[in-house]
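Just so we're on the same page: letters track the sequence lines, and every chain starts at 1.
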Amino acid sequence: MSEFGKGCHLHLIDGSAFIFRAFHALPPLTRKSDGLPVGAVQGFCDMLRRYVGRDHGEFAPTHIAVIFDKGSHTFRNDLYAEYKANRDEMPEDLRPQIPLTRRATEAFNIACKEVEGYEADDIIATLARQAREAGGRVTIVSSDKDLMQLVGDGVEMFDAMKNRRIDRDGVMEKFGVTPDKVVDVQALAGDSTDNVPGAPGIGIKTAALLLNEYDTLEALLDRAEEIKQKKRRETLIEYRAQIELSKSLVKLDENTPLDFTLADLELRDPDPETLLGFLAEMEFRTLSKRIAETLGTDAPTIPEQAPDTADTIDDAPVEQPPFDPDSYVCIRDLETLGTWIGKARERGWVAIDTETTGLNEMTAELVGVSLCIEAGQAAYLPLAHRAEGDGDLFGPGDILPNQVDREAALSLLRDLLEDPAVMKIGQNMKYDAKILARTGIAIAPIDDTMLMSYAMNGGEHGHGMDVLSERYLGHQPIPIKEVIGSGKSQKTFDRVPIADATRYAAEDADITLRLWQLFKPQLHRVRVTRVYETMERPMVPVLAAMEMHGVKVDRDTLSRMSAAFSQKMAGLEAEIHALAGETFNVGSPKQLGEILFDKMGLEGGKKGKTGAYATGADILEDLATEHELPARVLDWRQISKLKSTYTDALQEHINPATGRVHTSYSIAGASTGRLASTDPNLQNIPVRTEEGRRIREAFVPENGRVLVSLDYSQIELRILAHVAGIDALKQAFRDGQDIHAMTASEMFNVPMDEMTPEVRRQAKAINFGVIYGISGFGLARNLRIPRADAQGFIDRYFERFPGIKAYMDDTVAFAKAHNRVETLFGRVIHTPEINAKGPRAGFARRAAINAPIQGTAADIIRRAMVRMPGAIAPLGTRAAMLLQVHDELLFEVEADAADDLVARATEVMEGAADPVVALDVPLVVEAGQGPNWAAAH
DNA sequence: GACATCACG
DNA sequence: GACGTACGTGATGTCC
């Protein structure tokens, strides 16, 4: 054993962080033979394997240890009983896995250290100090901000999740101070996750500001009297003891008693027998194989469990072969393609992925297609790869030889992809369906792993392939950046060498198939099969058709408006500069803030986390009553927005081939079930102001046609009336009354015929507030009234409609108990933050109240959209659905068929809840038509 | 790439 | 009683 000294590099892994990440990143997995939960152990082992196996370059370890916490009571609890008191109980499934992670570490022959009564952080601090004093370097493997105080003098951190080293600059970035001041910042700002109190009202930004001015916490507290801001000064004086206590809680103990030395942590090779023995005991087949391969030995055989116990491990993923990019087949001739197609027919399913030259399905060209028949068996069919660079027989840009003839291949593929007996499985199939549609292939039937995940895990995490693969397969796919590069040197996929393309593309199909095999049986267990089959999957062809159809936008109208806006902006800019007495960038909130508040000395000072002045519209509006400049800036901002985001940008989006604008809807983007529109976003075209609304005049039908707009009237309030069971509201909707006026009448005891617009406006704000999970603060801000008044309104509202309060409380209670809420149609919306502590709790609470209402409305319009093609089929190509804007559908229809369309579409929309949900309130649709979108409203 | 701002339902 | 607040999105320009 050699001494630790100069030239040595100690790596300290934060064991708890590894365990928790492994636990939360992987689906519950149990040991097949006895049902012992081992998912976190498996993840932990895989993370260890990857960490020791990675190329650390100049940071390679000579010594390494995994450090664990031991015992729940530490010296910090003696200082402050509430320390970490708000931590949730350890999940039931995780508890038995903790000792196994210790054994795993030992099996890897890595030092595994803990000290009774001390947190891992203190041991890490002590070891880091010792290593530093011995002249060595230290890497702390963790992203925990509590450890950042240790950075410096050869000590750095490494965030294994983001694959990023954290040095002095990284700490500066996080805390705004050098590492030696981190403890002081934390003492002031406190930490809600550890229940460190800190100073109320002071966050990291403020703390950093103060410490950079006063240098040390002690100096700051001693000279607190000097601070200008009243509130801050009083807080620092009043809470001095609490701040000092916080400091002693966050300061790590660098003198933890240790019964081992740095030399004991020397890097050692694992003993294959011990390590593989442990893995076999845990029954990790894939991991055993992988590690055996690295160690150059054979993996031990792990017996399969008896078939009669299969149902007890229902949640365990099907055992799969490891990913092997070298095993993927590149299809170079029609015969081989025929063989793969034959295999897909035999199975009845195939996973498919298309590779193209870009992300825009309307302009991207098909480059190749990958297929996967079963886990590990995938192939890539290159169709249009081109030579890159030079030094080849074939010049840059030439189609490479030895690729299957495109037309012949597509003809073979068409038979498969249109075969009703073969399920085509994809990840985000709308993309592939559109690409294939442009080659004349109408792919069907389909399954979509992205949408399966969305139905099961909405709100829990994203549903992109990378996330799903890492989370559910424990496999990190080849990043697209590695294949096509990034930034300036990025190339299109057709310039990727075919061998590289094969590894990447076939892997995507492989992953998709594995995800499908995992997800398919889970759908019914989470009871979202109907959601998936009626509201997610059928959206794919409907949206694909709408997006490909596009909407005609008149370039001349937009370009004339842009020119007019330019002129107007130039005029306003000159006025603003004159008023300011100097020229500055009106588009820079920073510069504007300095002009308004520093130079002109207006009231309404600082705000915001970055220390910049807030200059949002609400603030400028307040100033505008007294001053010219902010009023002109508001005008300028409005025009600037309209020009840059709409009249300029929309022209860029007109497709040269179709002359129309083609948006793309994300089906699985919004947590509530809403769609989102991108590239361009056609769900936020201006309408609220007269000037903005004119942009809608550029959205026009083809000659002889009209645009028809149908929108649900007050759909969210109707849903609220139903779910909360408010008889008065339900009756008002049945009677077709003005719902806001009726609310006002109930609340303020004003007869309906004496209603003033002002009182109605307030009631309307309250109605919307309720949908958003009302708070006194929010309503006060919206109505610009004192907070106490707003709270009074809310109290009275709840008094008059007690069912609303009950609904809100019940919804939150349900969310807290189940970590999810549901729409009337069974859509699941996870609320992972609902049991969080601190300010996040408020957000989560309001989101949980809103989600079933917004989500039910989203479900209803989805149902209408799915039925719409069938309902308007008799009109043939005379009518087409173009856009969805949450509660509105826009159609383009031949003028003499418009009334027919309105009748059919209205019927579908108003009946969209049937027959699954019988609403106590009618759904009412309002229709309009005209020669442009503005006129159709 | 983060932040502020603002467009929509 | 304090915390920091309306819910859900996407695009743009500034600034680091």
Under 4.0 Å between any heavy atoms, over every strand shown, what does [X] touch: base, sugar-phosphate, or nothing? Just pick one.
X	value
Ile771(A)	nothing
Phe768(A)	nothing
Ile849(A)	nothing
Ala617(A)	sugar-phosphate
Ala844(A)	nothing
Gly773(A)	nothing
Arg787(A)	base

When you measure from the side chain of [X], which nucleotide among [options] comes out closest?
X	options	answer
Arg846(A)	dA6(C), dG9(B), dC15(C)	dA6(C)
Asn684(A)	dG4(C), dG10(C), dA6(C)	dG10(C)
Pro200(A)	dC7(C), dC3(C), dA11(C)	dC3(C)
Ser666(A)	dG13(C), dG10(C), dG8(C)	dG10(C)
Ala765(A)	dA6(C), dA7(B), dG9(B)	dA6(C)
Asp679(A)	dA11(C), dA6(C), dC15(C)	dA11(C)

Watson-Crick or G-U wobble partner for dC3(C), using a 3.5 Å limit on both distances? none

What is the distance from [atom1] of [X] to [atom2] of [N], rounded to the nearest Å?
X	N	atom1	atom2	answer
Leu720(A)	dG9(B)	CG	P	20 Å
Leu889(A)	dC8(B)	CG	P	19 Å
Lys764(A)	dA6(C)	NZ	C1'	16 Å
Ile619(A)	dC6(B)	CD1	C1'	14 Å
Asn681(A)	dA7(B)	CG	P	13 Å
Ile667(A)	dG8(C)	CD1	P	21 Å
Asp648(A)	dA7(B)	CG	P	16 Å

OP1 or OP2 of [N] under 4.0 Å from side-chain N/O of [X]:
X	N	answer
Gln591(A)	dC15(C)	yes
Ser640(A)	dG13(C)	no
Asn850(A)	dA6(C)	no
Ser775(A)	dC7(C)	no
Arg688(A)	dC8(B)	yes

Step through it carefully: locate the ring centre of Phe793(A), locate the ring centre of Tyr797(A), and say whether they are under 6.0 Å apart. no

Any donor-acceptor pair, under 3.5 Å, between the side chain of Lys590(A) and the base of dC15(C), if you only look at N and O atoms? no

Base of dT14(C) paired with side chain of Ser588(A) (donor-acceptor, under 3.5 Å): no

Between [X] and [Y] (salt bridge meaning N to carboxylate O under 4.0 Å), is one present in this structure?
X	Y	answer
Arg784(A)	Asp618(A)	no
Arg632(A)	Glu573(A)	no
Glu234(A)	Lys230(A)	yes
Glu691(A)	Lys643(A)	no

Side-chain touch Asp191(A)/Lys145(A), heavy atoms, less than 4.5 angstrom: yes

